[in-house]
K.L.:
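Here's a structure for you.
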Amino acid sequence: MKSRFRCFAAAAITVILSGAGALPAFAQATAYSDKPALLLGAAWYPEQWPESQWDADLAKMEAAHINLVRIGEFAWSTMEPLEGDFRFAWLDRAIALAEKHHICVVLGTPTAAPPAWLTTKYPDTLRIDENGIRAEHGNRQQFSFTSPRYREFAHQIAEKMAQRYGHNPNVVGWQLDNEYAAASFDPEAKAQFHQWLRKKYGSIGNLNNRWTTAYWSQAYDSFDEIPVRAEKENPGLLLDWKRFVSETWRSYSENQIGAIRPHADKRQFITTNTMGWFSGFDEYTVHSDLDIAAWDDYIGGENYDYFDNGARHDLTRGFKNKNFWVMETQPAFVNWKSVNASLARGQVRDMAWQAIGHGADAVEYWQWRSALNGQEEYHGVLVGADGAPVPVYAEVAQIGEEFEKAAKALAGTSPDSSVAVINDYDSRWAIDFQRHNNNFDPVAEMVAFYKPLRDQAQAVDVISARSPLDKYRLIVAPALNVLPKDVADRLLAYVKGGGNLVLGPRTGMKDEFNGLNVERQPGPLAGALGGRVEQFYALENKVPVEGDFGPGTASIWAEQLGVNAKDTQILARYGVSNGWLDHQPAVITRKVGKGTITYVGAWLDDALLAKLTSILLKKSGVEPIVPHAPNGVEVCLRSGKGKAVMILINHNKTDVHVSLPRAMVDLLAPAATERNSVDLPPYGVDVLESK
Ligand code: GLA
């Protein structure tokens, strides 16, 4: 009982002690003195509807407590119907009318959908795919991200918008483009890639050496000979192509940021909307120039994996190490899955509060009302083609009412965690290029570690290995395959200073050029670990694992570990399987400086991994926020500015009873009520403030 109080009180007290202005490492994404701290929004496309209907649409939004719309992305042909003929009067009126209904605006630059006159007159702006086929006009995202001409047009339209709305008090921010995704393989992209390589390697001899091009006679005489391919190529080339693509999206953003920032008030943020686990580029690179992170949260139907979705929120929060926005999410269902099943009644609310619990400061539905034609006629909406509410509208209105109730308490708060999972794009790509076992999905492996940690600690950050590490008691690097010396040095300094580091299978196999480290895994950390990987095995069958923390199995991947320091302990061994692994170490650990390094050489089954993480958390002194929370109940805590607000979500289809660590004030109850426990119906939510 004592520890129950201690852990929660500790979190709240830390916050209170931190005092005004001293926020935890993660802070609120946006804070406007004249706007609520929590925003509820919808994607609205006024250009698709007669102006006579706008007021009725906005009135229905206001009635649902919607106080934010995103406008403009995809509206290029309405903003500039002919080259150089700019028409913004309709947008002026749409923004003003939204303001009349107390709805603020995020403006999207329309560059994900160039108008037909542009791509017809300047076909060099169209992207070319890996097979050399140039896109035709139509659909969207048909532009080349390297085309200098396209960038000129993008700069111009963004600048025109910023000149007009950069000081508009009702415009709170900017979304660049929409869901960056498709790279181009056109001659310009190839020339820029060559230039990028030239700058990185200095001489072709250096590149040949780093990529070991003696293999298959790949040796190049000049940078211009290097092919551009995204698969089935030299691993060094493949990794550099991904890095080049990341830098190119970054400069694609910079081009528009350069157009907007000089004309925009500082309070207006600039972001772009990303896609969770999407691995087309390195989000940390792209986010270095953005003010906040934002993402589009789409999931499957009723049986959605709330841990995976929570991990994607935490991932997005880690792009800027502060709160973020959910720029799009589904009003019950989407139109692009094989079965577009609807969320059950109550789950839209469950998802909205999950987003807030993980650090979102805004949740926006895509979309308000479907266009009468176009590719997305079946997608979930809040009102039908007739402009009248569909069933989920009432649930969204309830969310809006609740956001209003909780906004004040949640203002200036954010999640805080002493546990982190490392997300590393280089490593994810390197594994994806050569999975060795096709079932080794690096994201699934990361989520396999994340799940028990989130379940047991109830707060996890997902961060880059180059993020500040000091505040964490436990850091798990699930498969840090590419481990450059500087990252290894940071991790080792963290351990020596008292941190507990856990390395998953395949860690440290590669150098920064995606070549093999001469020293066996975990490469530059093998010396500190006092052990190494003797051999790795892709598994067809399960392998028994027996450890201090119980028996279980490994599947997909198992490494035979060796120990070469007296004080390196063996925590688990394999049972009898392929002969090579029999009785060999599977998990080892060593004290280093004031901390520990643990190496987990196999993909352990969920139950066994949960036992291991529970021991690791205990050893690291991490306790849950709400001990003994029922299964399927998600606990989130946001703190800051002397406040601590807990969000409880019952993801189960059955009722649950949750005992609180101490009396708290129920913010959603009709009148402020103190509670020691909470009863939650299926998909039920409660928001409670610590007093
Ligand atoms: C994406 C896009 C939106 C819309 C939705 C539909 O997230 O950004 O324009 O197409 O998907 O789910």
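All ligand and atom numbering here is 1-based and tracks the order in the structure.
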K.L.:
What orientation do Phe319 and Tyr284 show, parallel under 30°, tilted 30 to 60°, or perpendicular over 60°?
P.N.:
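Judged by the thresholds at 30° and 60°, the geometry between Phe319 and Tyr284 is perpendicular.
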
K.L.:
Would you please name every residue forming a ring-ring contact (aromatic ring centres under 6.0 Å, His included) with Phe143, sequence neighbours left out?
P.N.:
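For Phe143 the ring-ring contact (aromatic ring centres under 6.0 Å, His included) partners, ignoring immediate neighbours, are Tyr150, Tyr252.
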
K.L.:
Report the residues that fulfil salt bridge (Lys or Arg N to Asp or Glu O under 4.0 Å) with Arg151, sequence neighbours left out, ordered by chain and then residue number.
P.N.:
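Not a single residue meets the salt bridge (Lys or Arg N to Asp or Glu O under 4.0 Å) criterion with Arg151.
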
K.L.:
Report the C-alpha separation of Arg345 and Glu395 in whole Å, then their side-chain angles, then the decisive distance to 0.1 Å, and conclude whether the salt bridge (charged side-chain N to carboxylate O under 4.0 Å, His left out) test is met.
P.N.:
CA-CA 8 Å; Arg345 194 177 191 141; Glu395 193 167 317; 5.4 Å; no

K.L.:
Apply ring-ring contact (aromatic ring centres under 6.0 Å, His included) to Phe86 and list each qualifying residue two or more places apart in sequence or on a separate chain.
P.N.:
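Expected list: none.
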
K.L.:
Do the rings of Phe403 and Trp353 sit parallel, tilted or perpendicular, given the 30° and 60° boundaries?
P.N.:
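Rings of Phe403 and Trp353: perpendicular, as their planes differ by over 60°.
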
K.L.:
Could you list each nitrogen or oxygen of ligand 1 that sits under 3.5 Å from a protein nitrogen or oxygen, with the atom names and the distance?
P.N.:
unit_1: ligand 1; atom_1: 7 (O); unit_2: Glu179; atom_2: OE1; d: 3.4
unit_1: ligand 1; atom_1: 7 (O); unit_2: Glu179; atom_2: OE2; d: 2.5
unit_1: ligand 1; atom_1: 7 (O); unit_2: Glu328; atom_2: OE1; d: 2.6
unit_1: ligand 1; atom_1: 8 (O); unit_2: Asn178; atom_2: OD1; d: 3.4
unit_1: ligand 1; atom_1: 8 (O); unit_2: Asn178; atom_2: ND2; d: 2.9
unit_1: ligand 1; atom_1: 8 (O); unit_2: Glu179; atom_2: OE2; d: 3.4
unit_1: ligand 1; atom_1: 8 (O); unit_2: Glu328; atom_2: OE1; d: 3.1
unit_1: ligand 1; atom_1: 8 (O); unit_2: Glu328; atom_2: OE2; d: 2.9
unit_1: ligand 1; atom_1: 9 (O); unit_2: Arg140; atom_2: NH1; d: 2.9
unit_1: ligand 1; atom_1: 10 (O); unit_2: Arg140; atom_2: NH2; d: 2.8
unit_1: ligand 1; atom_1: 10 (O); unit_2: Glu376; atom_2: OE2; d: 2.3
unit_1: ligand 1; atom_1: 12 (O); unit_2: Trp336; atom_2: NE1; d: 2.7
unit_1: ligand 1; atom_1: 12 (O); unit_2: His379; atom_2: NE2; d: 2.7

